[in-house]
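Atoms within a ligand are numbered from 1 in the order they appear, just like the ligands themselves.
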Amino acid sequence: MDALVVDHAAPGLLRLAPVPDPSPAPHEALVRVAAASVNPGEVRALGGAPAGSVHGWEASGTVVAPAADGSGPAAGSPVVTVGAGGGWAELRAVPTSLLGAVPAGLPVDHAALATLPVAGGSALRALRDSGPLLGRRVLVTGATGGVGRYAVQLAALGGAEVVATARDAAAADELRRLGATAVLNDPSELDGPVDAVVDTVGGPVLVEAFAALGSDGTLVSVGRASGRDAVLPADALLGDRSRHGRTIRTFFLLDGRPGLDRDLGRLAALLGRGELRAAVDHVVTFADAPAALAAPRPGKLVLLAHGPDGPSLAR
Ligand SMILES: NC(=O)c1ccc[n+]([C@@H]2O[C@H](COP(=O)([O-])OP(=O)(O)OC[C@H]3O[C@@H](n4cnc5c(N)ncnc54)[C@H](OP(=O)(O)O)[C@@H]3O)[C@@H](O)[C@H]2O)c1
């Protein structure tokens, strides 16, 4: 098969190259990849990845060989997958615990599905870690990002009043369409406390968001997109004035908690039913991925394993 392998001397640190087909373990399904989406963390990880390794955390595709242990969906099932690598390839062997099946009868849009596992999965689980949603006020920072967009939609679907923050005021209308009731530039503009925070920005935004958290509220720190240090002022941890019992919780999607397969399937169902919207800003084939990663553009990049003419990829 062909795969995007790490090459530290190549543009975008990637090269499309022939590699041996993966050999699935008994608990792994073999999936023919249709599309993969690109996350900021995996682009950062490219620099430290071993040369020759197959990169890529998430991919959508179709099961070609079900897991030998009987777990997971049957051959022919459309699926979304996640893992620490191996997604940017024509074939991926993936544990069935890290694979969600698209429910039968729903439309299958592989480019949209490919954006779900990391961003949607993280949004879903971070919201769950933040506590109940129904009737509560939830702040999502970095709401224009991959995780943020899904967090806004899922929090609204869960019955929360969603406040979103975005640096770009032009994003406000779109975020309102996704379910935000208010869109602010940063958390310091909040007019009152929130019950929970999903923070993807870190740095001063995390500090301001924590200051806005009411009693017994939880801030889930999903990411640090700002790349800045979060420095809490001396009195930030005081539990006075209805701010007692607050928690900052760290997060890792692949923490081994059970049920990620079900969560990914549920997200795929929401997407297929049109209750969740994916953002796909740029689409290129695997062959064009090194150039696309060498000259990154804002927005969500999706890589298609095959161009419109089928599986023969120019190298
Ligand atoms: N822990 C985990 O398991 C896990 C899982 C998934 C993601 N993550 C991490 O979560 C973070 C978000 O991921 P993502 O895929 O959503 O990234 P993304 O699509 O790049 O979105 C980043 C968001 O942060 C905003 N932002 C960046 N710098 C900012 C700053 N200085 N001030 C205010 N806002 C700023 C961006 O706003 P603009 O649109 O204005 O640029 C955008 O809304 C990343 O750090 C990622 O590595 C962690």
Side-chain angles (χ1 to χ4, degrees), residues 36-48 55-58 80 82-85 87 98 114-130 139-155 162-175 178 180 183-190 197-210 212 218-231 248-257 260 263-264 267 276-282 293 296-302:
S37 108
V38 178
N39 294 279
E42 63 194 325
V43 175
R44 278 195 307 274
L46 264 171
H55 208 59
W57 292 349
E58 62 184 347
V80 292
V82 67
L98 299 178
T115 69
L116 272 182
V118 173
S122 296
L124 175 63
R125 292 193 144 203
L127 284 167
R128 204 176 277 150
D129 289 350
S130 78
L139 172 66
V140 177
T141 69
T144 53
V147 177
R149 282 177 54 97
Y150 280 128
V152 166
Q153 296 180 77
L154 291 168
V162 185
V163 182
T165 68
R167 288 193 286 195
D168 182 2
D173 286 349
E174 170 67 359
L175 290 171
L178 294 180
V183 183
L184 311 175
N185 188 251
D186 63 64
S188 66
E189 296 171 8
L190 272 162
V197 179
V198 171
D199 176 48
T200 67
V201 177
V205 170
L206 181 151
V207 174
E208 288 170 3
F210 185 66
T218 298
L219 181 153
V220 181
S221 170
V222 177
R224 290 148 296 284
S226 69
R228 298 185 58 192
D229 291 340
V231 182
I248 297 179
R249 193 179 157 129
T250 56
F251 179 86
F252 181 47
L253 176 63
L254 299 180
D255 60 2
R257 265 186 283 178
L260 189 52
D263 284 347
L264 294 178
L267 289 167
L276 203 56
R277 283 166 50 195
V280 177
D281 299 298
H282 316 287
L293 285 168
R297 291 175 285 174
K300 185 55 104 175
L301 173 63
V302 169

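With a 4.0 Å cut-off on non-hydrogen atoms, S226 touches ligand 1 through its backbone as well as its side chain. Within the 4.0 Å heavy-atom criterion, the part of R44 lying near ligand 1 is the side chain and not the backbone.
Residue F252 has no N or O atom closer than 3.5 Å to an N or O atom of ligand 1. By the 3.5 Å distance cut-off applied to N or O atoms, V118 is not counted among the residues near ligand 1. Checked by distance only, ligand 1 and V201 stay at 3.5 Å or farther apart across all their nitrogen or oxygen atoms. Distances between N or O atoms of V205 and those of ligand 1 include no value under 3.5 Å. Considering backbone and side-chain N/O of N39, none are found under 3.5 Å from N/O of ligand 1. For the pair G148 and ligand 1, the shortest N or O to N or O distance does not fall below 3.5 Å. Not a single N or O atom of K300, backbone or side chain, sits closer than 3.5 Å to an N or O atom of ligand 1.
Considering OG1 of T200 and CG of L206, their distance stands at 10.5 Å, rounded to 0.5 Å. Expressed to the nearest 0.5 Å, how far NZ of K300 lies from CG of N39 amounts to 4.0 Å. To the nearest 0.5 angstrom, R167 atom CZ is 11.5 Å from D186 atom CG. Atom-to-atom distance recorded for L98:CG and L264:CG is 8.0 Å, nearest 0.5 angstrom.
The 12-atom threshold is not exceeded at CG of D229, counting heavy atoms of other residues, nucleotides or ligands nearer than 6.0 Å.
In this structure, atom 45 (O) of ligand 1 lies nearest to the protein heavy atom R224 N, 3.2 Å. Nearest protein neighbour of atom 24 (O) of ligand 1, counting heavy atoms only, is A225 CB, 3.4 Å. Scanning all protein heavy atoms for the shortest distance to atom 7 (C) of ligand 1 gives V147 CG2, 3.8 Å. In terms of protein heavy atoms, atom 9 (C) of ligand 1 is closest to G223 CA, 3.6 Å. Nearest non-hydrogen protein atom to atom 5 (C) of ligand 1 is S122 OG, 3.1 Å. Shortest contact from atom 30 (C) of ligand 1 to any protein heavy atom: R167 NH1, 3.4 Å. Here the protein heavy atom with the shortest distance to atom 8 (N) of ligand 1 is V222 O, 3.7 Å. Protein heavy atom closest to atom 21 (O) of ligand 1, with residue, atom name and distance, is G145 CA, 3.2 Å.
Not one N or O on the side chain of S130 forms a donor-acceptor pair closer than 3.5 Å with the backbone of V197. Under a 3.5 Å cut-off, the side chain of S226 and the backbone N or O of V201 do form a donor-acceptor pair. Looking only at distances, no side-chain donor or acceptor of E42 sits under 3.5 Å from a matching main-chain atom of H55. In this structure, S221 contributes its side chain and T250 its backbone to no donor-acceptor pair below 3.5 Å. H282 contributes no side-chain N or O that, together with a main-chain N or O of G299, makes up a donor-acceptor pair within less than 3.5 Å.
If you number the atoms of ligand 1 from 1 as listed, the ones under 4.0 Å from a heavy atom of T144 come out as 37 (O), 38 (P), 39 (O), 42 (C), 43 (O). Near T200, the atoms of ligand 1 lying under 4.0 angstrom from a non-hydrogen atom of the residue are 11 (C), 12 (C).
Residues D263 and R257 are not paired through a salt bridge, judged by the lack of any N-O separation under 4.0 Å between the basic side chain and the carboxylate.
By the 4.0 Å heavy-atom criterion, P40 is counted among the residues contacting ligand 1.
Side-chain atoms of S122 and Y150 form no donor-acceptor pair, as typed in the model, at a separation below 3.5 Å.
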